[in-house]
Trainee: 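Before I ask anything, here is the structure I am working with.
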Amino acid sequence: MPPSSPAGAAEPVRSPIPLSAIADTISRLRFGAVTLTVHDGRLVQMDVTERQRFS
């Protein structure tokens, strides 16, 4: 029998869309940062800061 959730706890909804958006962003980024904002256990925002290097 699988473990049950505590009473009143909602199961998180997993969506492949944010995961694919994060993976796509990271694959295109050469230098920079990706910041994820989470509210109540859900991804609500992704900020991308791209750096340009000149050498």
Side-chain angles (χ1 to χ4, degrees):
M1 181 183 214
S4 61
S5 298
E11 288 290 324
V13 177
R14 305 278 184 222
S15 173
I17 294 169
L19 294 178
S20 65
I22 295 166
D24 183 52
T25 299
I26 291 172
S27 70
R28 290 185 286 123
L29 192 62
R30 289 202 53 201
F31 299 101
V34 177
T35 305
L36 304 176
T37 303
V38 177
H39 289 210
D40 294 326
R42 294 185 58 121
L43 178 65
V44 295
Q45 182 173 321
M46 177 174 63
D47 295 309
V48 180
T49 304
E50 184 173 358
R51 309 272 187 217
Q52 292 186 359
R53 307 275 173 145
F54 304 102
S55 56

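This structure is a prediction, so every number in the text was calculated from the model and none was measured.
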Trainee: Mind checking whether Thr49 and Thr35 have side chains closer than 4.5 Å, heavy atoms only?
Mentor: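 No, every pair of side-chain atoms sits at 4.5 Å or beyond.
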Trainee: Could you grab the distance from atom CZ of Arg51 to atom CZ of Arg30, nearest 0.5 Å is fine?
Mentor: 15.0 Å
Trainee: Tell me whether the count of non-hydrogen atoms from other residues, nucleotides or ligands lying under 6.0 Å of CG in Asp24 goes above 12.
Mentor: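 Yes, because the 6.0 Å sphere around CG of Asp24 holds more than 12 heavy atoms from other groups.
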Trainee: Restricting to non-hydrogen atoms, name the atom on Thr37 and the atom on Leu43 that form the minimum distance, rounded to 0.1 Å.
Mentor: O-CD1, 3.5 Å
Trainee: What about Leu19 and Met46, same hydrophobic cluster or not, with Ile/Leu/Val/Met/Phe/Trp/Tyr joined at side-chain heavy-atom distances under 4.5 Å?
Mentor: no
Trainee: Do the side chains of Leu36 and Leu29 join up, straight or via other hydrophobic residues, at under 4.5 Å, putting them in one cluster?
Mentor: yes
